[in-house]
Amino acid sequence: MNIHFWGVRGSLPTPLTPDQVQAKIAAVVERITPKDIESEDSRTRFIANLPPWIFGTIGGNTACVELRTKKNTTFLLDCGSGLREYSVNGKQPEDGHYSIFMSHFHWDHIQGLPFFGQTFNPKTKIDFYSTFPAAERILEEQSRRPYFPKNGCWPSVKNQFTFHLIKEGEPFEVDGVLVNTKKMKHPGNSYAFSFEEDGKKFIYATDAELEQGDYDRSIKKNFFFENADVLVLDSQYTGEEALVKANWGHNIFCYAVDFANTWHVKNLYLFHHEPTYSDKKIHSVLQAARWYEDYTALKGVKINLAVEGQEIEI
């Protein structure tokens, strides 16, 4: 399985501001010395050694993750604004077939769908999987006037969609990949998805506020997470912010670390980044999570940031 992050932010798109760009430039200028610009090699080394929050960006698009199977089947996980980025710059399947899996229908997870240009091609075929019986009605309500012009509304694209209602905890196969779901705590509910192929297990668990029961190994359904090779998990808040946002349906990074270790996850990717956090702050969250891992009793998980444009091979 190949995983590509097209959108990693939570709540709403967050493009870099002019002040943030200027801050990055200023940080570079502060670090540079005459030796760093003596030659092409020295310039290359200088750039390569810059902190990642300066050299790049986490990205500003909301949740959309591409999963490509060994048969080159395209799965799209959520339809945030990153879906538009995928539609423009992603590798499209030759047969025009997509399988979309929806965690839930909050605005930041559906706002890219009306801008997924491929839906306007009558040859495109989309299998749309969710646990919500009203999925088609929700999309119809989203893509209607006065929000969009008549030719951009639901009747123009609906024939490309086939809807599949799935049930929590009832595995099914899509083109040789075993798929399962688990409900997570989030206002209006959100569902994690697991994908298994050739003995490898990938889990996408956005918009989840972990509770004590989620760590309980005596509860059979919790083994959904056991031995995941990669877990993409909501880690939106620091502890301080989470205190004032209890029951908002999002997670604290240190809880994510404990959770991943409890379920013997190999690689944890912090995801659904807070829109008010700068690149520098999000990288500080990663560092804090790694420090926390160093001092925890349970160890073993490798902690990473989900970054727009990043690819993972499982």
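No more than 12 heavy atoms of other residues, nucleotides or ligands sit less than 6.0 Å from atom CZ of Phe55. Heavy-atom contacts from other residues, nucleotides or ligands closer than 6.0 Å to NZ of Lys183 number 12 or fewer. The 12-atom threshold is not exceeded at CH2 of Trp248, counting heavy atoms of other residues, nucleotides or ligands nearer than 6.0 Å. Residue Glu94 qualifies as open at atom CD: its count of foreign heavy atoms under 6.0 Å is 12 or below. Taking a 6.0 Å sphere around CD of Glu40, one finds it holds 12 or fewer heavy atoms contributed by other residues, nucleotides or ligands.
Between the side chains of Glu308 and Trp6, no donor N or O sits under 3.5 Å from an acceptor N or O. Counting only N and O atoms by type, the side chains of Asp207 and His106 include no donor and acceptor under 3.5 Å apart. Using a 3.5 Å distance cut-off with no hydrogens or angles, the side chains of Gln236 and His273 do not pair a donor with an acceptor. Under 3.5 Å, the side chains of Arg9 and Thr62 contain no donor-acceptor pair of N or O atoms.
Annotation: the span from Leu268 atom CG to Arg290 atom CZ amounts to 10.5 Å, rounded to 0.5 Å. Rounded to the nearest 0.5 angstrom, Gln22 CD and Leu16 CG are separated by 11.5 Å. Taking OG from Ser284 and CG from Asp279, the interatomic distance works out to 11.0 Å, rounded to the nearest 0.5 Å. Separation of atoms CZ (Phe259) and OG (Ser235) is listed at 11.0 Å; rounding is to 0.5 Å. Note that CG of Asn267 is 7.5 Å distant from CD1 of Ile312, once rounded to the nearest 0.5 Å. In this structure, CG in Leu77 is found 11.5 Å from NE2 in His109, a value given to the nearest 0.5 Å.
The shortest non-hydrogen separation linking Phe120 to Asn151 is CE2-O, 3.6 Å. Scanning all heavy atoms of the two residues, the minimum distance from Ser81 to Pro13 falls at OG-CG, 3.7 Å. Across all non-hydrogen atoms, the minimal contact from Thr206 to Ser103 is CG2-OG, 3.5 Å. In this structure, Asn261 and Gly300 approach most closely via the heavy-atom pair OD1-N, 3.5 Å. In this structure, Met1 and Glu197 approach most closely via the heavy-atom pair CG-OE1, 3.2 Å. Between Thr262 and Arg217, the shortest heavy-atom contact is O-NH1, 2.9 Å.
You'll find the side chain of Ile100 reaches within 4.5 Å of the side chain of Met102, heavy atoms only. At a threshold of 4.5 Å between non-hydrogen side-chain atoms, the residues Lys302 and Asn304 count as touching. His186 places none of its side-chain heavy atoms less than 4.5 Å from the side chain of Glu209. Proximity of Asp36 to Ser42: side-chain heavy atoms (C-beta onward) are nowhere separated by under 4.5 Å. Within the 4.5 Å cutoff, the side chain of Thr73 has no heavy atoms near those of the Val177 side chain. Contact of the Asp214 side chain with the Lys185 side chain is not registered, since no non-hydrogen atoms from C-beta on lie closer than 4.5 Å. Between Ile303 and Leu286, the closest side-chain pair of non-hydrogen atoms falls below 4.5 Å. Counting only heavy atoms from C-beta outward, the side chains of Thr162 and Ile126 never approach each other to under 4.5 Å.
Checked by atom type and distance alone, the side chain of Glu170 never pairs as donor or acceptor with a backbone atom of Lys167 at under 3.5 Å. In terms of modelled atom types and a separation under 3.5 Å, the side chain of Gln20 and the main chain of Thr17 share a donor-acceptor contact. In this structure a side-chain-to-backbone donor-acceptor pair under 3.5 Å is missing from Asn2 to Glu313. With hydrogens and angles ignored, the 3.5 Å screen pairs no side-chain donor or acceptor of Lys24 with any backbone N or O of Asp19. With Arg31 contributing its side chain and Ala27 its backbone, the two residues share a donor-acceptor pair below 3.5 Å. Remark: side-chain polar atoms of Gln92 are paired, donor with acceptor, to backbone N or O of Gly90 under 3.5 angstrom. Looking only at distances, a side-chain donor or acceptor of Thr14 sits under 3.5 Å from a matching main-chain atom of Leu12. Between the Asp95 side chain and the His97 main chain, a donor and an acceptor come within less than 3.5 Å of each other. With hydrogens and angles ignored, the 3.5 Å screen pairs no side-chain donor or acceptor of Arg145 with any backbone N or O of Cys153. With hydrogens and angles disregarded, a donor-acceptor distance shorter than 3.5 Å links the side chain of Glu274 to the backbone of Thr276.
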Please report the C-alpha distance between Asp216 and Ser218 in whole Å, then the side-chain angles of each, then the deciding distance to 0.1 Å, and finally whether the side chain to side chain donor-acceptor pair (under 3.5 Å) criterion is met. CA-CA 5 Å; Asp216 191 339; Ser218 70; 2.6 Å; yes

Derivation of the side-chain contact (heavy atoms from CB on, under 4.5 Å) call for Phe224 and Lys221: CA-CA 6 Å; Phe224 175 90; Lys221 67 179 181 179; over 6 Å; no

Does the side chain to side chain donor-acceptor pair (under 3.5 Å) test come out yes or no for Ser99 and Asp127, once each step is laid out? CA-CA 5 Å; Ser99 294; Asp127 283 301; 4.7 Å; no

Criterion side-chain contact (heavy atoms from CB on, under 4.5 Å) on Phe161 and Trp154, from CA distance to verdict: CA-CA 10 Å; Phe161 286 77; Trp154 182 247; 3.8 Å; yes

With side-chain contact (heavy atoms from CB on, under 4.5 Å) as the criterion, how do Ile58 and His283 come out once you've worked through the C-alpha distance, each side chain's angles and the decisive distance to 0.1 Å? CA-CA 9 Å; Ile58 296 298; His283 277 281; 3.7 Å; yes

Which is it for Glu168 and Thr131 under the side chain to side chain donor-acceptor pair (under 3.5 Å) test, yes or no, and what are the steps along the way? CA-CA 7 Å; Glu168 180 191 12; Thr131 60; over 6 Å; no

Steps toward ring-ring contact (aromatic ring centres under 6.0 Å, His included) verdict (Tyr269, Tyr204): CA-CA 10 Å; Tyr269 282 79; Tyr204 174 73; over 10 Å; no

Could you walk me through whether Leu231 and Phe271 pass the side-chain contact (heavy atoms from CB on, under 4.5 Å) test, one step at a time? CA-CA 10 Å; Leu231 169 62; Phe271 185 74; over 6 Å; no

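The six-membered or imidazole ring of Phe132 lies near that of Phe105, with a centre-to-centre distance under 6.0 Å. The aromatic ring centroids of Phe195 and Phe101 lie less than 6.0 Å from each other. For an aromatic pair to be called close, the ring centres must be under 6.0 Å apart, and Tyr237 with Tyr277 fails this. For an aromatic pair to be called close, the ring centres must be under 6.0 Å apart, and Trp263 with Phe225 fails this. Taking the six-membered ring for Trp and the full ring otherwise, Phe116 and Tyr98 have centroids separated by under 6.0 Å. Between Tyr129 and Phe193, the gap from one ring centroid to the other reaches at least 6.0 Å.
In summary, Asp229 and Lys266 engage in a salt bridge, as defined by a charged side-chain N under 4.0 Å from a carboxylate O. Under 4.0 Å is where a charged nitrogen must lie from a carboxylate oxygen, and between Glu66 and Lys91 no such pair does.
In summary, of the residues considered (Val232, Asp108, Val8), a side-chain contact (heavy atoms from CB on, under 4.5 Å) with His272 occurs for Asp108 alone.
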